[in-house]
Amino acid sequence: MKILRLKEVLKEKGLTGKELAEKVNVTEATISNLAKGDSIPRKELLIQIAEVLDVDIKELFNSTKGPGEQETLYIFKDDSYIPIGTIKI
């Protein structure tokens with residue numbers, strides 16, 4: 001049973017499981033097992049993961065962002081704003 005949304009948060013933060021594993025001093029297999037739902041982290045590891053990913057612990061379980069919460073990015077050129085993409089907030 002998948003409890004954490006670790007895979008999604010890693011993607012949002014642009015990190016790999018290997019990079020996270022190095023930062024929290026566990027094996028890549030440990031992070032993989034957490035992401036797949038094959039194991040549950042102890043409290044201390046969960047706190048470390050949240051700190052490294054710069055998210056509230058709640059964000060590891062449920063997204064606190066509503067669907068479609070995006071802002072349009074603009075550049076100012078020739079006296080007007082030109083949309084260049086969106087960013088998830």
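When reading the values below, keep in mind they use all heavy atoms of this one structure, side chains included, and skip hydrogens, waters and symmetry mates.
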Point to revise | Ionic contact status for E12 with R5, cut-off 4.0 Å | key: yes
Review point. Is there a side-chain contact between I49 and L34, using heavy atoms and a 4.5 Å cut-off?
Key: yes
Review point. CG of L45 to CD1 of I40: how many Å apart, nearest 0.5 Å?
Key: 12.5 Å
**Study point:** Hphob cluster co-occupancy, I82 + Y74, side-chain heavy atoms under 4.5 angstrom
**Key:** no
**Study point:** L60 CG to L6 CG distance, which is reported to the nearest 0.5 Å
**Key:** 6.5 Å
Point to revise | Nearest-0.5 Å distance, CD of residue E28 to CG of residue L20 | key: 10.5 Å
**Study point:** From CD1 (I31) to NZ (K23), nearest 0.5 Å
**Key:** 12.0 Å
**Study point:** Nearest-0.5 Å distance, CZ of residue F61 to CG of residue L4
**Key:** 5.0 Å
Review point. Is there a donor-acceptor contact under 3.5 Å from the side chain of E22 to the main chain of E19?
Key: no
**Study point:** Minimum heavy-atom distance between S39 and T30, given as atom pair plus value
**Key:** OG-O, 4.5 Å
Check your understanding: If you group Ile, Leu, Val, Met, Phe, Trp and Tyr by side-chain heavy-atom gaps below 4.5 Å, do I47 and V55 land in one group?
Key -> yes
Exercise for review: Supply the atom-to-atom distance K7 NZ to S32 OG, rounded to the nearest 0.5 angstrom.
Suggested key: 9.0 Å
Exercise for review: Taking atom CG of N25 as the centre, report whether more than 12 heavy atoms of other residues, nucleotides or ligands fall under 6.0 Å from it.
Suggested key: no
